[in-house]
Amino acid sequence: MKEMSTCGIGQNRVLPEAQENNVKKLLPRPLSRVNGWSPPLHSFQAISWTTYLAMSIVTFGIFIPFLPTSWKYAANAVMGGVFMFHLVVHLIAITIDPADTNVRLKKDYLEPVPTFDRSKHAHVIQNQYCHLCEVTVSKKAKHCSSCNKCVSGFDHHCKWLNNCVGKRNYWFFFFSVASAAFGLLGVLIILLYIFIQYFVNPNGLRMDPLYKGAAVWIGAGWTCLSVFIEISSENTWLLFLSLSPVPVKTPVVLSIAAMVLLLAIASFVLLGHLLVFHFYLISKKLSTFDYMMQTRFQKSPRPAEKKELPPRKKGNVSQEKSNNLTWPTSPTRPRVEPQRLLLSTLSPQSNECFMAPAPKTPPQ
């Protein structure tokens with residue numbers, strides 16, 4: 001519902017404070033989340049795990065077997081170590097509870113978080129006491145509205161982990177990002193070698209002994225049979241050589257390689273940017289939260305400085321100003337300057353403003 005004000009400017013009505021409080025009381029109070037496995041789970045978690053599994057399957061099942069025999073063992077060892085290290089630190093970063101020490105020791109996670117009353121407190125944390133967690137916290141602790149708890153050394157809330165990043169799990173998060181970027185760089189190097197070798201010497205990708213004679217699966221479903229054949233056609237490639245060779249045509253291999261290449265490039269650019277950003281924060285001894293606060297403070301408009309006017313001398317008018325003054329034309333009646341009056345209609349049916357001319361000066 002709207003009110004019509006002067007000159008047709010509409011003003012929105014707001015709910016009275018009592019009604020607003022009643023609406024808030026009807027909503028269920030949230031619970032504090034323990035870690036990244038606590039509900040609700042985030043869709044970004046599913047994306048990250050799907051990407052990790054897809055990269056693992058195509059890297060170890062399709063692309064590394066195309067490498068020369070002497071390179072396969074090194075590639076499997078290096079890439080396997082990177083992928084396993086990333087899995088471990090990623091799981092630790094998700095599982096750790098980054099809450100402040102007093103929150104973990106004294107707070108009951110099964111109890112709902114109390115409603116914050118701004119009429120009683122100006123801030124959630126005052127004098128290192130959190131009015132929502134109801135405990136004393138450390139100096140650098142911040143209350144996360146997503147996890148509904150105070151996090152020690154708060155850096156940011158990561159949607160990919162579905163968990164806060166703080167003092168207890170920051171380095172696990174950092175090494176998770178670094179290992180993911182390093183693993184994607186390895187995938188890109190392998191893919192670039194495969195594409196270059198395919199256009200220069202395709203037979204260099206067919207060095208595996210199984211190409212001279214392989215037991216492959218032919219058919220589908222219950223009619224699938226294992227047949228020992230020799231791969232003589234240059235248009236046929238074997239996937240998953242280490243497990244069970246699957247013959248496919250060249251367009252299939254190139255399509256898979258192109259899609260993985262685009263995904264790896266996009267992911268590497270994003271993770272590389274994030275990794276460089278955190279290198280910068282570490283060098284400046286800042287957290288992500290501190291950096292955002294500094295940036296917001298720099299962008300906020302500062303109040304304009306008041307310019308001091310030069311002091312006026314009493315009883316002295318400069319010649320320049322006296323030339324611009326208009327003196328009365330008659331010794332008995334001063335000259336009246338024309339003015340314009342602003343009139344506005346106050347009727348709710350009208351929303352127009354207009355300027356009325358000044359009244360005419362009566363004849364002398």
Side-chain angles (χ1 to χ4, degrees), residues 33 35-67 71-96 157-163 165 169 171-195 205 208 210 216-217 220-221 224 237-249 251-275:
R33 301 177 64 255
N35 51 32
W37 305 113
S38 302
L41 300 178
H42 202 278
S43 58
F44 282 11
Q45 286 180 289
I47 296 175
S48 63
W49 284 107
T50 303
T51 304
Y52 177 82
L53 291 175
M55 285 293 179
S56 302
I57 292 173
V58 297
T59 301
F60 297 100
I62 299 177
F63 301 137
I64 290 182
F66 285 145
L67 300 179
W71 293 12
K72 287 182 183 179
Y73 301 105
N76 279 314
V78 173
M79 297 300 292
V82 172
F83 274 61
M84 185 58 64
F85 178 77
H86 171 75
L87 178 63
V88 171
V89 294
H90 190 84
L91 288 175
I92 294 176
I94 293 176
T95 308
I96 283 182
H157 182 84
C158 180
K159 295 180 180 180
W160 301 96
L161 300 177
N162 196 31
N163 196 13
V165 176
N169 63 343
W171 287 109
F172 294 105
F173 160 79
F174 177 82
F175 286 117
S176 174
V177 175
S179 59
F182 189 79
L184 288 169
L185 180 61
V187 173
L188 288 174
I189 293 173
I190 294 173
L191 284 173
L192 288 176
Y193 169 81
I194 291 174
F195 276 110
L205 303 175
D208 195 282
L210 290 177
V216 299
W217 292 96
C224 188
W237 301 86
L238 296 177
L239 307 183
F240 306 106
L241 285 170
S242 56
L243 296 177
S244 178
V246 179
V248 295
K249 297 300 180 180
V252 176
V253 178
L254 293 179
S255 300
I256 295 175
M259 288 188 295
V260 174
L261 180 64
L262 294 176
L263 178 61
I265 291 175
S267 302
F268 179 75
V269 170
L270 295 176
L271 285 173
H273 179 269
L274 181 61
L275 184 62

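Both backbone and side-chain heavy atoms feed into the values below; hydrogens, waters and symmetry mates do not. For clarity, every value in this text was computed on a predicted model and none was experimentally measured.
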Q: Provide the closest heavy-atom pair for Leu41 versus Gly36 in the form atom of the first, atom of the second, distance.
A: CD2-O, 3.7 Å

Q. Are side-chain heavy atoms of Asn169 and Ile92 found at a separation under 4.5 Å?
A. no

Q.
Strictly distance-based, threshold 3.5 Å: is any side-chain N or O of Gln45 a donor or acceptor partner for the main-chain N or O of Lys159?
A. no

Q. Quick one: does His42's side chain get under 4.5 Å of Leu161's, heavy atoms only?
A. no

Q. Heavy atoms, side chains only, cut-off 4.5 Å: are Val89 and Phe173 in contact?
A. no

Q) Are there more than 12 heavy atoms of other residues, nucleotides or ligands under 6.0 Å from atom CZ of Phe174? A) yes

**Q.** Residues in side chain to side chain donor-acceptor pair (under 3.5 Å) contact with Asp208, at least two apart in sequence or another chain
**A.** Lys72

Q: Work out which heavy atom in Pro65 is nearest to a heavy atom in Gly61; give both atom names and the distance.
A: CG-O, 3.8 Å

Q) Below 4.5 Å, heavy atoms only, C-beta onward: do Val253 and Val248 meet side chain to side chain? A) yes

Q: Determine whether Ile57 and Phe240 make a side-chain contact, defined as any pair of heavy atoms from C-beta on separated by less than 4.5 Å.
A: yes

Q.
One pair to check against side chain to side chain contact (heavy atoms under 4.5 Å, CB included): Thr59 and Met79. What are the steps and the verdict?
A. CA-CA 9 Å; Thr59 301; Met79 297 300 292; 4.3 Å; yes

Q. If you look at every heavy atom in Leu184 and Ser267, which pair is closest and at what distance?
A. CD1-CB, 3.5 Å

(Q) Quick one: does any side-chain atom of Thr50 pair with a main-chain N or O of Ile47 as donor and acceptor, under 3.5 Å? (A) no

Q: Any chance you could lay out the side chain to side chain contact (heavy atoms under 4.5 Å, CB included) test for Ile62 and Ile256, step after step, and finish with the verdict?
A: CA-CA 9 Å; Ile62 299 177; Ile256 295 175; 4.3 Å; yes

Q: List the atom of Ser176, the atom of His90, and the distance in Å for their closest heavy-atom pair.
A: OG-ND1, 3.2 Å

Q. Which of these, Tyr193, Trp237, Phe195, sits in a ring pair (Phe, Tyr, Trp, His ring centres under 6.0 Å) with Phe66?
A. Trp237

Q.
If you count heavy atoms of other groups shown closer than 6.0 angstrom to CZ of Phe83, is the number above 12?
A. yes

Q) Taking the side chain from Asn163 and the backbone from Thr95, do they hold a donor-acceptor pair closer than 3.5 Å? A) no

Q | Leu188 versus Ala264, closest heavy-atom pair with distance | A | CD2-CB, 3.6 Å

Q. So, do Leu67 and Ile190 sit near enough that their side-chain heavy atoms are less than 4.5 Å apart?
A. yes

Q: For the pair Asn162 and Phe44, evaluate side chain to side chain contact (heavy atoms under 4.5 Å, CB included) and give the outcome as yes or no after the intermediate values.
A: CA-CA 8 Å; Asn162 196 31; Phe44 282 11; over 6 Å; no

**Q.** Side chain to side chain, Leu91 and Trp37, heavy atoms closer than 4.5 Å
**A.** yes

